[in-house]
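It should be emphasised that the depicted structure is a prediction, and the values quoted were computed from it without experimental measurement.
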Amino acid sequence: MVASPLTAMNGERAVVFFFVFRVLSSLPLSLLPHALSLSLLSVFSLFVEIRADGSLSLFKTRPGASSGIMLGAVTLPTVMLSKLIQLSRAFSLQQIEIGELEHMTMQFWAASACCCGVLIFLSILMWCAAYNKNPHFSCSVWDAKFSLSCVILFSVVCCISLATISHTGFNTALKLLWLLCHGFAAVKLIQHLLNTFPCCASIGEALLLTSGLVLYFGDMLACTISKVCRLLVSPELVSIRYGIKRSEIGIIIQGVLLGLLIFSAVFKFVIHLWEYFSRADNSESRKNKEIRRSLIFFASLGFTMIVVSPSWMMIVLDFDVHPILWIFQFVLSEPLKRLSLCIYWLGLIYASVLRFYNISKNSKIERILLRKYYHLLAVSMFLPALIYQPKFLDLAFGAALAIFLVLEIIRVWRIWPLGQLVHQFMSAFTDHRDSDILIVSHFSLLLGCALPIWMSSGFNDRPLIPFAGILSLGIGDTMASMVGHKYGVLRWSKTGKKTIEGTAAGIVSVLAACSILLPLLASTRYIATQHWFPLLIAVTTSGLLEAYTAQLDNAFIPLVFYSLLCL
């Protein structure tokens, strides 16, 4: 039974619909097929979310969170479409080449294919679960027709759009096969994530992470294929999809993340193999086994980071020197500014972490408020660097993400001698959205600040775009929580904790920060202008999403704010 539109439309869904509508209303006519596909994806995801809320529990998801399927399904495709709108303006001004525009077109369709594939998978899973519970169950004819119509229309629009950037039917078929691989990989990955890490994320959060990982590593795979085995890929596909210029910093970050992914899989296999053959030897003490396991871990990690990852980097981009040496040369090219910034960061982190850790152990301050101090710490660390050293901040974000991943691997696998210490330290800053299996809040804060900066590289005619994460999380979200906790009286809903006073404080604080930031940027290197009415809409929409959503706001709010600032 399908709920009526008024019954089904809660606050989060209304904000998401307005977000999508705002992006669609800014599209040029040349992107009409993309608008139709995003509309179909939005309606289909709403339909799946409504059915999921009223059906059996498909996976063990994060307690207290709604499914978030609609928000998770439309966020990344809408981000890609907003970026495509921005690049369309650049192409009309002849500031970019057609290859970059077509590359972003493929990125949009790849993100949409990932989300559409997962939605189809969830629909089939719900029907199978309902049938197993009741063998006489049969999905309504309307449900089946609606789902099938959405999938068919989406596929037709996708084919038409891809045919416009292909000269032959073979190339169109090749691109469709590539998108189909994205959808299949997304389905397999979200199954693995939700089954391996139960109660760590909602379906919407897992869907956003899944589509992002598949898109990112799919781009890396195709870039590698185009470099190593160009004869195996159509030259037109390579030139359109992966022929864009790539920066050294972007390749280094991709290589490090690829190395950590390979390292995790290989180390897990080696440990299982070693434990299987060492079962017969019971004379070895547990301490010696942990030490040997630790030595294997750090030796494998060092080999991966020094040999494997740099080898891939030097294949896909012509480095004159070893990538590690390139990093040293880059840092020392402006030693006073960049080394001073490193000293500033280290001193700030040491003082803040030590202070907040002692407070968390001895004080009765709520964890949610204590964690907001880290948002303010992010502002004080990243804002000066973004204004004066943006390229160095790109590299620093990549290094911080790699360190976080290594520490989380050490914590989860309890690698001697740091595993237990890292676990005890990180547990002091967890809240209800973290679990014993995975602690994700620090990742979401780091990526929430870093992704808008990484995605705004290249052409950028909107000066506030790189600051989307810092403004929405470091200032807006922090002020909303603090003011709402201390002064909030009027709640947005009877069951929620978010208050109208907190939301208003978050919106006003971001607007105030923008009014200070824009003149500062105008006096440095930015010459682009920012209109205040679209900015007001962007700030208000992201503020309302923070108020209504039960998802991990560090992950979604910066991307929504970034998309709206691109328009």
Heavy-atom check, side chain of [X] versus side chain of [Y], under 4.5 Å:
X: Leu545; Y: Thr541; answer: no
X: Ile324; Y: Met305; answer: no
X: Leu71; Y: Val15; answer: no
X: Trp109; Y: Ser37; answer: yes
X: Leu41; Y: Cys115; answer: yes
X: Thr210; Y: Cys114; answer: no
X: Leu565; Y: Phe467; answer: no
X: Thr75; Y: Leu207; answer: no

If I take atom OG from residue Ser309 and atom CD1 from residue Ile252, how far apart are they, to the nearest 0.5 angstrom?
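So the gap between those two atoms works out to 11.0 Å.
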Got a second to check how far Glu205's CD is from Thr549's OG1, nearest 0.5 Å?
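Glu205 atom CD to Thr549 atom OG1 measures 8.0 Å (nearest 0.5 Å).
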Taking side-chain hydrogen bond (donor to acceptor under 3.5 Å, both in side chains) as the test, write out the residues that go with Gln191, two or more places apart.
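Here no residue qualifies.
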Looking at Met381, Glu334, Gln389, which one forms a side chain to side chain contact (heavy atoms under 4.5 Å, CB included) with Leu341?
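By the side chain to side chain contact (heavy atoms under 4.5 Å, CB included) criterion, Leu341 pairs with just one of Met381, Glu334, Gln389: Gln389.
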Over 60° means perpendicular and under 30° means parallel, so classify the ring planes of [Y] and [X], tilted if in between.
X: His34; Y: Phe108; result: tilted
X: Trp454; Y: Phe397; result: perpendicular
X: Trp345; Y: Phe392; result: parallel
X: Phe47; Y: Phe44; result: parallel

Modelled atom types, side-chain donor and acceptor of Glu49 and Ser66, under 3.5 Å
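Side chains of Glu49 and Ser66: no pair found under 3.5 Å.
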Please name the pair of heavy atoms, one in Leu393 and one in Ala385, separated by the smallest distance, quoted to 0.1 Å.
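Closest approach of Leu393 to Ala385, heavy atoms only: CD1-CB, 4.0 Å.
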Distance-minimising heavy-atom pair for Ile470 and Leu383:
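Residues Ile470 and Leu383, closest heavy atoms: CD1-N, 4.2 Å.
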Would you kindly check if the NZ (Lys) or CZ (Arg) of Arg338 is within the cone defined by 45 degrees around the ring axis of Phe330 and under 6.0 Å from the six-membered ring centre?
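Geometry flag: set, cation within 6.0 Å and 45°.
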May I have the step-by-step check of ring-ring contact (aromatic ring centres under 6.0 Å, His included) for Phe297 and Phe263, ending in yes or no?
CA-CA 9 Å; Phe297 176 87; Phe263 161 74; 5.1 Å; yes
Got more than 12 heavy atoms from elsewhere within 6.0 Å of OH, Tyr487?
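12 or below, so no.
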Non-neighbouring partners of Phe197 that pass ring-ring contact (aromatic ring centres under 6.0 Å, His included), sequence neighbours left out
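None.
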Donor-acceptor pair, distance only, cut-off 3.5 Å: does the side chain of Arg13 make one with the backbone of Met70?
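Not confirmed, Arg13 side chain does not pair with Met70 backbone.
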